[in-house]
Every structure is written in C-alpha cells, then in structure tokens.
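In what follows, a single structure is set out as structure tokens and then discussed.
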Amino acid sequence: MQKNQAGMPYPILPHEDNLQVPDDFQMVLDMDEGTLSFIVNGQFMGIAFRGLKGRKLYPMVSAVWGHCEITLKYIGGLEPSPLPLQELCRRAIRVSLGKENLENVYELPLPMMVKRYLLFQ
C-alpha cells in the first residue's frame with residue numbers, strides 16, 4: 001500500500017473463471033496478521049492487502065450505480081486477550097525511543113530481524 005507502486009490484479013482466478021460482481025460479500029480484516037481479504041459466495045478470494053498491522057484504517061465504500069443500498073455489519077472478532085510478551089516488549093522499546101527517533105532502531109545492538117520486527121516490517 002505504498003504510493004506510486006503498480007497494483008496487482010485481484011482476485012487471481014483461473015482463465016476460465018469470470019467473477020461476477022456479487023450482491024453480497026464478506027471482507028475479512030485480520031489486524032493480527034495485517035491483512036485484508038474477501039470472501040464471495042463462500043469462496044476465499046485470497047489476500048488483497050498486506051502490511052496493515054499497526055495502521056489506522058478508515059472504512060469506505062464506493063458504489064458506481066445509482067440507487068444502491070450499502071450495509072456494513074460487524075459479524076465477529078476475537079475477544080481481547082492479554083498481549084504476548086513479545087508485543088509488550090516491542091511496545092516498550094518503541095515508547096522509550098519515541099516516534100521521532102524510531103529510525104534509531106538500526107543503531108541498537110540487535111539482530112536485523114528484531115529491528116525489522118520493532119518497525120512492523
């Protein structure tokens with residue numbers, strides 16, 4: 001979801017399949033994994049977007065045809081549970097660095113994999 005990057009076709013379907021625009025579909029937002037996917041007629045269409053973890057999202061809907069009715073309905077999620085120790089540590093390090101100094105993560109004596117984890121990469 002970076003600016004100025006070419007998009008990818010979605011969903012990727014076999015050549016013989018043509019996806020008809022459905023009347024109803026489900027959107028699956030998994031903020032633990034940072035992904036957004038869709039389900040049409042019970043068929044998982046694959047992941048449409050990645051890299052959403054830790055970002056603020058604002059739901060929007062667009063309809064091209066006049067006289068459309070659009071309904072958003074929350075149909076469930078996970079109950080809040082205590083955060084894992086790994087997530088609590090990441091949060092504590094990010095808070096101690098401050099937003100303006102997050103690039104200093106690369107100066108910490110940590111493995112590159114941990115640095116990328118701290119930066120949600």
Worksheet, complete the sentence: Rounded to the nearest 0.5 angstrom, the CD-CG distance for Glu107 and Asn101 is 9.0 Å

Discussion item. Side chains of Leu29 and Leu57, heavy atoms from C-beta outward: is any pair under 4.5 Å?
Written reply: yes

Item to complete: Report the C-alpha separation of Leu52 and Leu36 in whole Å, then their side-chain angles, then the decisive distance to 0.1 Å, and conclude whether the side-chain contact (heavy atoms from CB on, under 4.5 Å) test is met.
Response: CA-CA 8 Å; Leu52 303 176; Leu36 178 80; 3.7 Å; yes

Worksheet item: In Å and rounded to the nearest 0.5 Å, what is the CD1 to CG distance from Ile93 to Leu88?
Response: 11.0 Å

Discussion item. Please enumerate all residues that pass side-chain contact (heavy atoms from CB on, under 4.5 Å) together with Ile39, with sequence neighbours excluded.
Written reply: Gln26, Val28, Phe44

Worksheet item: So if you build clusters from Ile, Leu, Val, Met, Phe, Trp, Tyr with side-chain heavy-atom gaps below 4.5 Å, do Met27 and Met31 land together?
Response: yes

Worksheet, complete the sentence: Sequence neighbours excluded, the answer for side-chain contact (heavy atoms from CB on, under 4.5 Å) partners of Val114 is Leu110, Pro111, Leu118

Response to the item:
d(Gln43 CD, Met45 CE) to nearest 0.5 Å is 3.5 Å

Discussion item. Which residues pass the side-chain contact (heavy atoms from CB on, under 4.5 Å) test with Leu85, not counting sequence neighbours?
Written reply: Cys89

Worksheet entry | ring-ring contact (aromatic ring centres under 6.0 Å, His included) contacts touching residues 101-121 (sequence neighbours left out) | none

Item to complete: Kindly write out the residues that satisfy side-chain contact (heavy atoms from CB on, under 4.5 Å) with Asp30, not counting sequence neighbours, or none if the list is empty.
Response: Asp32, Glu33, Thr35

Worksheet entry | Within 6.0 angstrom of Asp24 CG, more than 12 heavy atoms from elsewhere | no

Worksheet item: Do you know which two heavy atoms are closest between Gly46 and Ser37, and how far apart they sit?
Response: O-CB, 3.4 Å

Worksheet item: Say you draw a straight line from CE of Met113 to CZ of Arg116; how long is it, rounded to the nearest 0.5 Å?
Response: 8.5 Å

Worksheet entry | Pairs satisfying salt bridge (Lys or Arg N to Asp or Glu O under 4.0 Å), at least one member in residues 89-105, at least two apart | Glu87-Arg90

